[in-house]
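Following: one structure in structure tokens, then a few remarks.
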Amino acid sequence: MNTQESIQNGIQNAFKEHFEVELTKDQISLVPTRKEFEGTYTFVVFPFLRSTKKSPEESARLIGEYLKDNVPEVVDFNVVKGFLNLVLGNASWIDLFENIRSNPSFGQKPSNGQRVMVEYSSPNTNKPLHLGHLRNNFLGYSVAQILEANGYEVIKANLVNDRGIHICKSMVAYSKFGNNETPESLGIKGDHLAGKYYVLFDKEYKKEVQKLITEGKSKEQAEKEAPILLEAQNMLRLWEANDPEVVALWKKMNSWVYEGFEETYRKMGVSFDKYYYESDTYLLGKDIVEEGLKKGVFFQKEDKSTWVDLSSEGLDEKLVLRGDGTSVYMTQDMGTADLKYNDFKLDKSVYVVGNEQDYHFDVLFKIMRKLGRPYGDGLFHLSYGMVDLPSGKMKSREGTVVDADDLMDEMIQTAENHTKELGKIDGFTPEQATELYEILGMGALKYFLLKVDPKKRMLFNPQESIEFQGNTGPFIQYSHARIKSILRKAKQLGIEYKSTDFSGISSLHESEQNLIFILGEFEKKIQLAGQEYSPSVIAQYLFDLAKDYNRFYADVAIFQEDDPLLVSFRVALSEMTAKTIKKGMGLLGISVPDRM
RNA sequence: GGCCUUGUAGCUCAACUGGAUAGAGCAACUGCCUUCUAAGCAGUAGGUUUCAGGUUCGAGUCCUGACAGGGUCACCA
């Protein structure tokens, strides 16, 4: 039984004894005591005044007395209005620390027997990845790690959007203006080559529309009839008819893009267990439409188009299959949901997709539940906000995006400049230095994107946004490197701490207590992050942990201490902090250096 | 216009899901490197939590309404 539980027990008994009331454990919530008051846990008595039939102060005092007398962990208490602050003794701090450090699976829950798929990234193959994709990829990868730490078996999936009119746009532009350029001949990545032609298509298209308008067409007409658009539409038809020439071009350009993506993913540090391609899945889902019609979940209109009526659930009617029998996005997604389930027998399925698709997924999930899918309740849309620039929204077609590759390179470059300025690369080989810059640059970037609640839209200012001081990745990485330096010195001095018994320690510094307390919160935070699908919970926690450690570091001098037992204890406490930082940063997909 | 969502210090974000005097970082200002890494630590200053009501012992958090931003309401994906 841990400290919290024994306090809860004590409170239960106190209520029985003094007020003759039976409370259940989950009615008794303990909150951390605010910094300005003495104590570790606070019990709020206001909600129970009806059963205590006494003033808040009196009720709190009675419970406090009882706990002090009957719960060994509680050595003192104080009452402020209706808040009962409990003070824990040294022994329970040491106990708590021993518990944490003797747990070999700290930060990793045992298997819960459930399997979850996290689908993220899901790029289009007509353009390179940009800043928005970075948020998506880092989120998806991190959530996968967090779910794994919560005991799930996780499958990371990438559903590649490799077909459709937008892909044909790049292809048309390339075949018209490409002059047989290749990534090699241009010396650029394949995804950037495709992106170049996607932008070129848009330019050309706008030019043609303008020309048609001056020839007297209406804007709508011109936008529909621009020759280059007709070419793209024709190419899509040819592709669907398996035209050898179009398919060959499609394969060639896609393979370039995949090579480019692979390189970007490697730099991002993300990976996938399963790839799905829309060129394989885009015809799926029609059988589900049949099934839905039979079950009466869907209905047909006069033009033979198939719809679902969700008005009873507060939504509208929604098309699921066109009148001519061709698919829409929804059709495909219904089919893919079944495909994923049949491939892996999933208990849960997480879609990491931007919040502009909230409505779509709301509809999709409601449909799958109406159809009685066993996985219906396990579907979850991890909806995240856009990343805005000071100049506003990013648009690929107009080229106003922050390119993912460029940004990562810039971050690494900045890390290099910063490190050199601080003169911190003594004793590094060139390879080690390069690795360090990458760890720091990527750490800064990932932490910046993950520390914010995923649901919220966020602002990225290229000039100011990413710092190396304060609430940043490098700050946490720095704390880790500092501890590693302590551990190296401890080893050098021959200090034994791994199996030392610390129960003889009689007094702990306040910053040591704080540190033990926050270390003890780690598993709760992992659980919360898993429930909420929110890496920001972990990021926030790690910042607090690093801050508490740095406070401790400044407050006590580890090796100057006379008592060898205390020296060992402080080294052990440091080591545990480093382990927790490393594990936690791992959950965010961020590496930590041993030196920096 | 309907629906969804957001609004907290000059800026970027927190607030343990209804608890105490709303906290951090950046930017500004003050201190601290002859002992463990100053990418650090300590401190000063900065707030009518967009506004108006309501619910209650208690509201940034819940409800209603306004105002402002964003998204969506495609036979695009």
Side-chain angles (χ1 to χ4, degrees), chain A residues 29-37 42 44 46-47 49-50 56 80-83 85 122 124 161 163-167 278 282 303 305 314-316 318-324 326-330 332-333 353-360 362 383 385-386 388 393 415 418-419 421-422 424 440 444 448 451-453 455-461 464-465 467-479 481-490 493 521 524-525 528 532 536-537 539-541 543-544 546-547 549-560 570-571 574 595-596:
Chain A
S29 68
L30 295 173
V31 295
T33 304
R34 285 190 156 260
K35 282 248 154 61
E36 53 278 28
F37 300 100
T42 295
V44 187
F46 288 114
L49 294 182
R50 215 162 285 160
V80 183
K81 290 186 267 180
F83 298 90
N85 301 323
S122 305
N124 292 327
N161 189 343
R163 67 161 287 281
I165 188 73
H166 49 297
I167 312 293
E278 287 203 8
Y282 80 106
D303 63 353
S305 58
L315 303 179
D316 291 330
K318 185 84 189 172
L319 181 87
V320 294
L321 193 69
R322 291 187 185 110
D324 62 6
T326 56
S327 296
V328 291
Y329 184 34
M330 191 60 74
Q332 198 183 124
D333 265 8
V353 182
N355 63 7
E356 72 270 20
Q357 295 199 40
D358 284 356
Y359 183 71
H360 171 78
D362 200 9
S383 157
M386 297 289 104
D388 283 327
K393 212 181 158 179
H418 203 72
T419 305
E421 239 171 67
L422 292 171
K424 291 214 176 183
L440 294 177
F448 176 78
K451 76 175 174 187
V452 181
D453 184 335
K455 290 193 286 290
K456 293 193 172 166
R457 60 190 291 117
M458 61 188 293
L459 184 82
F460 178 83
N461 185 334
E464 300 167 7
S465 276
E467 308 276 345
F468 288 78
Q469 275 146 9
N471 188 356
T472 65
F475 169 81
I476 297 165
Q477 290 171 319
Y478 174 73
S479 308
R482 229 182 191 183
I483 296 173
K484 283 296 184 179
S485 168
I486 295 276
L487 297 179
R488 283 191 293 270
K489 180 157 182 185
L493 296 174
E521 297 285 290
K524 247 185 278 174
K525 295 293 179 180
L528 185 65
E532 315 238 314
S536 70
V537 171
Q540 204 64 42
Y541 169 81
F543 177 58
D544 290 338
K547 241 187 341 181
Y549 183 82
N550 284 326
R551 173 103 194 235
F552 157 80
Y553 183 92
D555 280 352
V556 306
I558 296 174
F559 297 111
Q560 311 309 312
R570 287 171 183 171
V571 174
S574 298
R595 285 188 297 162
M596 66 185 271

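Chain naming here is simple, since letters A, B, ... match the order of the sequence lines and numbering starts at 1 in each.
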Inset, instruction - Nearest-nucleotide wise, let me know which of A:A546 and A:K489 is further upstream toward the 5' end of RNA chain B. - result: A:K489

Inset, instruction - Pick base, sugar-phosphate or nothing for A:D333, based on heavy-atom distances below 4.0 Å to the nucleic acid. - result: nothing

Legend entry - Interatomic distance where CZ belongs to A:F468 and P belongs to B:G40 [whole Å]: 12 Å

Legend entry - Check: B:A20 base within 3.5 Å donor-acceptor of A:T42 side chain: yes

Inset, instruction - Considering just the side-chain nitrogens and oxygens of A:K424, establish if one lies under 4.0 Å of OP1 or OP2 belonging to B:A39. - result: yes

Inset, instruction - Please report, rounded to the nearest Å, how far the P atom of B:C41 is from the CG atom of A:D544. - result: 12 Å

Inset, instruction - State which residues pass side chain to side chain donor-acceptor pair (under 3.5 Å) with A:N355; sequence neighbours excluded, sorted by chain then number. - result: none

Inset, instruction - State whether the distance check finds a donor on one side and an acceptor on the other, under 3.5 Å, for side chain A:D303 versus base B:C75. - result: yes

Inset, instruction - Keeping the roles fixed (side chain from A:S485, backbone from A:A481), state whether a donor-acceptor pair exists under 3.5 Å. - result: no

Inset, instruction - Among B:G19, B:A77, B:C75, find the nucleotide with the atom closest to the side chain of A:V44. - result: B:G19

Inset, instruction - Between A:F475 and A:F543, name the one whose nearest nucleotide on RNA chain B is closer to the 5' end. - result: A:F543

Legend entry - Listed nucleotide nearest any side-chain atom of A:H418, set B:A39, B:A20, B:C26: B:A39

Legend entry - Nearest-Å distance once atom P is located in both B:C51 and B:U72: 29 Å

Inset, instruction - Spell out yes or no: do the side chain of A:E356 and the base of B:U72 have one donor N/O and one acceptor N/O closer than 3.5 Å? - result: no

Legend entry - Under-4.0 Å side-chain N/O to phosphate OP1/OP2 contact, A:K456 with B:G7: yes

Legend entry - Nearest-Å distance for atom pair CG/C1', residues A:D555 and B:A42: 9 Å

Legend entry - Euclidean distance, atom NZ of residue A:K35 to atom C1' of B:A20 [Å, nearest integer]: 15 Å

Inset, instruction - Looking only at side-chain atoms of A:I165, point me to the closest of B:G71, B:A20, B:C76. - result: B:C76

Legend entry - Centroid-centroid distance, A:F460 to A:F448, less than 6.0 Å: yes

Inset, instruction - Between B:A42 and B:G53, how far apart are the C1' atoms? Round to whole Å, please. - result: 44 Å

Inset, instruction - Kindly label the base of B:U21 as syn or anti, based on whether its glycosidic torsion lies within 90° of 0. - result: anti

Inset, instruction - Check whether any side-chain N or O of A:Y329 sits under 4.0 Å from OP1 or OP2 of B:A77, and answer yes or no. - result: no

Legend entry - OP1 or OP2 of B:C41 under 4.0 Å from side-chain N/O of A:N550: yes

Inset, instruction - Tell me which nucleotide among B:U35, B:A14, B:C36 gets nearest to the side chain of A:A557. - result: B:C36

Inset, instruction - Answer yes if the side chains of A:S574 and A:Y549 hold a donor-acceptor pair under 3.5 Å, and no otherwise. - result: yes

Inset, instruction - Using a heavy-atom cut-off of under 4.0 Å over every strand shown, decide if A:E278 touches base, sugar-phosphate, or nothing. - result: sugar-phosphate

Inset, instruction - For B:U17 and B:G25, measure between their C1' atoms and round to the nearest Å. - result: 24 Å

Inset, instruction - Identify which nucleotide among B:C41, B:A77, B:C36 has an atom closest to any side-chain atom of A:N124, counting heavy atoms from C-beta outward. - result: B:A77

Legend entry - Qualifying residues under side-chain contact (heavy atoms from CB on, under 4.5 Å), relative to A:Y541, sequence neighbours excluded: A:I518, A:E521, A:F522, A:K525, A:L545, A:T580

Inset, instruction - Answer with yes or no whether A:T419 presents, from its side chain, a donor or acceptor under 3.5 Å of a partner atom in the base of B:A39. - result: yes

